[in-house]
Amino acid sequence: LPEALQKIESLEKKYSIKVIATSEPLDIDTADPSVFLLRAFKYLIANQELLTIRRRAKEGARHAQESGRYLSRARFGYTNGTQAGGKRIIEIDESTAFIIRKIYRDYLSGIQPFIIHSEVRKLGFPLSGNSAIFRVLNNPLYAGLVRVCANGKYPEKLVPGMHKPIISESQYFRALEMIENGKRSMNSKPKEEFPLKGILQSP
């Protein structure tokens, strides 16, 4: 509401014009306080409708996610498809899904992520950066699960998806467990540069 009124005022001052709505008469006095009040009320109603639409969109998206539908663009390893009735669904892209399977298989066998990343990049894996492999390992989509985002009083959760999994749920959760164990291990190890940090104190 305040942004709309400020925009109208700035346009009128900058271009020496009178801004009116299609439902308002041409000879309306925009400086009249009653006109300001009427406009403010109309804009409030419009803003309330906008907020209602946004809430319905969020609720609709959450309902679709809870039913197992993945709403975003297909991730690497999948491609966008269409079900009967025109509803979108993601389908396994076998030309790239083998790379996802290799990432999980190699990580679970103990191969370091930077080595995995170097190998799969040669095979066509597009993601770059130190976290690229972990982004794949942390994505429940590959295990046939859909992450339902938190919304107000409703917490985040995982539900079975309508799409087919590339890897098994056990592989996904084992990978998560290994990532978590790795974080705890890193936090407990002293840095090589300062092996006695926190142990020796200077008087």
Is there a donor-acceptor contact under 3.5 Å from the side chain of R147 to the main chain of E156?
no
Has the side chain of H117 got a donor or acceptor atom that lies under 3.5 Å from a matching backbone atom of L127?
yes
With a 6.0 Å cut-off (strictly less than), is the heavy-atom count around CD of E3, excluding the residue itself, greater than 12?
no
Indicate if I111 and V136 have the same hydrophobic cluster label, given that clusters are the connected sets of ILVMFWY residues with side-chain heavy-atom separations under 4.5 angstrom.
yes
Around atom CZ of R39, are there more than 12 heavy atoms from other residues, nucleotides or ligands closer than 6.0 Å?
yes
Any donor-acceptor N/O pair, Q171 side chain to S168 backbone, under 3.5 Å
yes
If Ile, Leu, Val, Met, Phe, Trp and Tyr residues are connected whenever their side-chain heavy atoms lie under 4.5 Å apart, and connections chain through other members, are I115 and V120 in the same group?
yes
Donor-acceptor pair, T52 side chain versus Q48 backbone, under 3.5 Å?
yes
Check whether any side-chain heavy atom of I166 sits under 4.5 Å from a side-chain heavy atom of Y78, and report yes or no.
yes
With no hydrogens and no angle check, is any side-chain donor or acceptor of S109 less than 3.5 Å from a backbone partner on D106?
yes
Below 4.0 angstrom, N of the basic side chain to O of the carboxylate: do K164 and E91 qualify?
no
Do L50 and L44 land in one hydrophobic cluster if side-chain heavy atoms of ILVMFWY residues count as linked below 4.5 Å?
no
Please identify each residue that fulfils side chain to side chain contact (heavy atoms under 4.5 Å, CB included) with V19, with sequence neighbours left out.
I8, L11, E12, I17
Would D93 and T96 count as having a side-chain donor-acceptor pair, cut-off 3.5 Å?
yes
Please answer whether the main-chain N or O of E177 pairs with a side-chain N or O of N181 as donor and acceptor at a distance below 3.5 Å.
yes
Parallel, tilted or perpendicular, as decided by the 30° and 60° cut-offs, for the rings of Y142 and Y104
perpendicular
CZ of F173: more than 12 outside heavy atoms within 6.0 angstrom?
yes
Please determine whether the number of non-hydrogen atoms from other residues, nucleotides or ligands lying under 6.0 Å from atom CG of N130 exceeds 12.
no
Side chain K102, main chain E119, donor-acceptor under 3.5 Å
no
Shared hydrophobic cluster for I100 and I179 (ILVMFWY, side-chain gaps under 4.5 Å):
yes
Is it true that R101 and E94 have a side-chain N and a carboxylate O under 4.0 angstrom from each other?
yes
Could you check, using the six-membered ring where one of them is a Trp, whether F76 and F125 have ring centers closer than 6.0 angstrom?
yes
Distance-only, no hydrogens or angles: does the N139 side chain make a donor-acceptor pair with backbone N or O of R135 under 3.5 Å?
no
Looking only at atom types and distance, does a side-chain atom of H163 sit under 3.5 Å from a main-chain N or O of L141, one as donor and one as acceptor?
yes
What are the two closest heavy atoms between G144 and P165, and how far apart are they?
N-CB, 3.5 Å
